[in-house]
Amino acid sequence: MSSIRCRQLCKTFKQGDEIITGLDHVDIDIEEGEFVCLSGPSGSGKTTLLNAIGGLDTPDSGEIHMGDIRIDRLERGPLADMRLHHIGFVFQSYNLIPVLSARENVEFVMQVQGVPAAQRSRKSLEILREVGLEGMENRRPAQLSGGQQQRVAVARAIVTHPDLVLADEPTANLDSVAASHLMDLFVELNQHHRITFVIATHDKRVMSYARRLIKMQDGKIISDEPQ
Amino acid sequence: MLVDVGLRLAWRNLWRHWRRTWLTVGAMIFSNGLLIFAMSLQFGSYDMMIDNSLHAYSGHLQLQHPRYLDEPKMRYALDNVAAIAERLRRELSLDSISARAAGFALASSEERSYGLQIVGVDPVHEPLVSTLPGLVKQGRYLKPGAAGEIVIGAVLARNLKISVGDELTFLGSGFDDSFAAGIVTVVGIFESGMADLDRALAQVELGYFQDVFAMQDRGHSLIVRARNIDDVESLQAQVKALLESNQDISLRHWEELQPGLRQAIQADMASNSFMYVVLVVLVAFSVLNTQLMSVLERTREFGTMMALGLQPARLSRLVMLETALMTALGLVLGIAVGLVVNLYLSRVGFSYPGMDEVALKFNLPERIYPAISLASMTLGPAAVAIGSLLAALYPALRLYLLTPIEAMRAV
């Protein structure tokens, strides 16, 4: 899997009697190893686009290709496998499993993938050290600060070295220092592991890290420029 | 999902709301314990009911003329009953086999007359097949070779207004349709607690009966009592093999002799089963409530897991695993509670106010003892476990309908 190609993506939502446009004929190509930021005000369609690319939501019309695979036509099972093996997600509200420790949260995806225990343990400790959580491996999410939880979520997203990381407002709940550390980590992973990053944000500090900035409004791409 | 992560996650999920989990597990423990106790008591009372009823009079097996069961007439008799009884005792190495002959007669005292069944018995072997000889409360039981003696039921004695030492005349019809009449002395009065026997049964010595009723060496039944109720089937097969060549003898199982007993047990089982089903359904609803709440409040978390690449089937398995763990806990602790209660009651017995009347009606002792068996220990808990797992199917299957994005948007 390498590039992402979206063609004429449309998505609407019903809110009461009102029809809200999430995506309005969006065309976008993202190449392997890119570091892309999607920006725009709330309701502009950033998260909807991320969800569509990640196979979490299906568009009303249009096509989404990931390499040679057309993911908008995949059944639930193959789509779940695609997410498991190729995509890492970082959510705004961390979404860690509260009953598992930091290390177990990071190991979770690997366990589902069937990675042997010793390898899981080694990789999870390594990645937690990399995101600055050494010594906190056995803490549960409730025992970690917001920034620390977000770093666990990032570690979980990247530990399997996915082809693509989709991050939705990853710094929204972080202070500036934590946000800056997180973005440095993303850049490093992007450069050293050629992981493609697509980040939805309206945080200008985050946008400053992007090499390509796509601005959205009312479900449409209004600008797409390299940084 | 791999077993290790599934187990760990399921176990920890259980204790997120430990009060709720314990309440549900508590309901399982209570119902498992109650089911074990009730079933053991039920099976125990059935065993006693069967044993007491059969030991009182009819025995476990009877050999009769093929038509005697349906038409208990004098002429449907077996030849040479004493010799057959002796042969069976020898061949089977079992003493508890006794011959009987029976007829109907009108018995009269100085003041009153009543109809009754007179039974000729072997006084040596009758106590080995029946408890009736041991239930003589006044006087004594029959002696071997003692002609002209009779023991009667307490109600009959009251009705005839006679007591031990009084004389009684009876008039009936003999084997050859001749008059059968005799004057006998009451030597004993028994109280079996069974109304039919106490009101209308009298016993005389078999030889005397055969003389008076012109039976010669004939009798109407050979009563066989097995050492244990569990031995009845094998004993039946042995007796059948021994008498294979004799077409004039029918071997009757106690269920044929006392169909009412089996029917009473089946009726009791049916009514109790209804109560058990209600209990299992209540527990199942408790599990359904717990697991449904648990699934609903974790919808976002399930959405995250699906987003990470878990198939809905794996999430369903996780919910089923949680239920299985909860059920296993309820099962183990419930069986332990049931076992402890049963072990205690199997020593001291179980009784409740007013039970003596019920016990008398069903031919039970005043205290009943639970019968601990594999069936009584496992049937109830197995039903609770199956009910609980079935109840968890609904919340588990709901996960199939979830999409990651809808689940993660859940409040």
Side-chain angles (χ1 to χ4, degrees), chain A residues 11 13 15 22 47-48 50-52 54-59 75-101 103-117 120-121 140-142 153 156-157 159-160 162 166 168, chain B residues 1-21 290-291 293-319 321-322 325-326 396-411:
Chain A
K11 179 77 183 176
F13 303 99
Q15 204 168 59
T47 301
T48 309
L50 274 192
N51 289 340
L56 298 180
D57 207 357
T58 46
E75 295 291 325
R76 291 178 77 181
L79 199 54
D81 278 341
M82 160 80 81
R83 289 196 297 268
L84 179 65
H85 294 285
H86 298 289
I87 305 174
F89 289 94
V90 180
F91 305 101
Q92 182 179 346
S93 48
Y94 328 131
N95 291 18
L96 297 176
I97 301 167
V99 292
L100 298 182
S101 67
R103 187 162 70 91
E104 288 163 345
N105 262 289
V106 173
E107 283 191 26
F108 184 75
V109 175
M110 288 191 284
Q111 280 180 303
V112 180
Q113 284 181 340
V115 176
R120 282 197 318 255
S121 178
R140 293 208 183 169
R156 180 179 66 184
V159 71
T160 57
L166 300 171
D168 189 7
Chain B
M1 191 181 302
L2 294 175
V3 173
D4 58 348
V5 68
L7 261 181
R8 190 191 306 146
L9 198 55
W11 182 252
R12 289 185 191 170
N13 280 335
L14 275 188
W15 305 110
R16 281 179 169 194
H17 296 280
W18 61 270
R19 281 190 192 88
R20 191 169 68 195
T21 300
T290 300
Q291 290 304 73
M293 280 177 70
S294 165
V295 165
L296 287 175
E297 71 195 10
R298 285 187 288 158
T299 303
R300 270 177 70 91
E301 197 175 309
F302 288 134
T304 304
M305 290 183 186
M306 288 166 88
L308 294 176
L310 250 77
Q311 310 267 4
R314 287 179 162 180
L315 293 177
S316 297
R317 285 212 294 275
L318 178 68
V319 172
L321 188 59
E322 287 171 21
L325 286 172
M326 202 157 59
L397 291 177
R398 270 178 63 98
L399 295 171
Y400 273 93
L401 303 176
L402 280 183
T403 62
I405 201 72
E406 283 168 0
M408 285 197 295
R409 279 188 193 133
V411 179

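Each chain gets a letter, A, B and so on, in the order the sequences are listed, and its residues count up from 1.
For chain B, the option among His85(A), Arg140(A), Glu107(A) with the highest count of heavy-atom pairs below 4.5 Å is Arg140(A). Interface check for chain B: of the options Asp81(A), Leu84(A), Leu96(A), Leu79(A), the most heavy-atom pairs under 4.5 Å are formed by Leu84(A). Top candidate by heavy-atom pairs under 4.5 Å with chain A, chosen from Ala313(B), Pro404(B), Ala307(B), is Ala307(B).
Between atom CZ of residue Arg76(A) and atom CG of residue Leu402(B) there is a gap of 7.5 Å, rounded to the nearest 0.5 Å. Atom CG of Asn51(A) and atom CE of Met408(B) lie 6.0 Å apart (nearest 0.5 Å). The distance from the CZ atom of Arg12(B) to the CD1 atom of Ile97(A) is 11.0 Å, given to the nearest 0.5 Å.
Proximity to chain B is limited to the side chain of Ser93(A), based on heavy atoms less than 4.5 angstrom apart.
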(request) Using the side-chain contact (heavy atoms from CB on, under 4.5 Å) rule, take Arg156(A) and Thr304(B) through it: C-alpha gap first, then chi angles, then the decisive distance, then the call. (result) CA-CA 12 Å; Arg156(A) 180 179 66 184; Thr304(B) 304; 3.9 Å; yes
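For the residue pair Arg83(A) and Gly309(B), the shortest heavy atom distance occurs at CB-CA, 4.3 Å. The shortest non-hydrogen separation linking Arg16(B) to Pro98(A) is NH2-CG, 3.1 Å.
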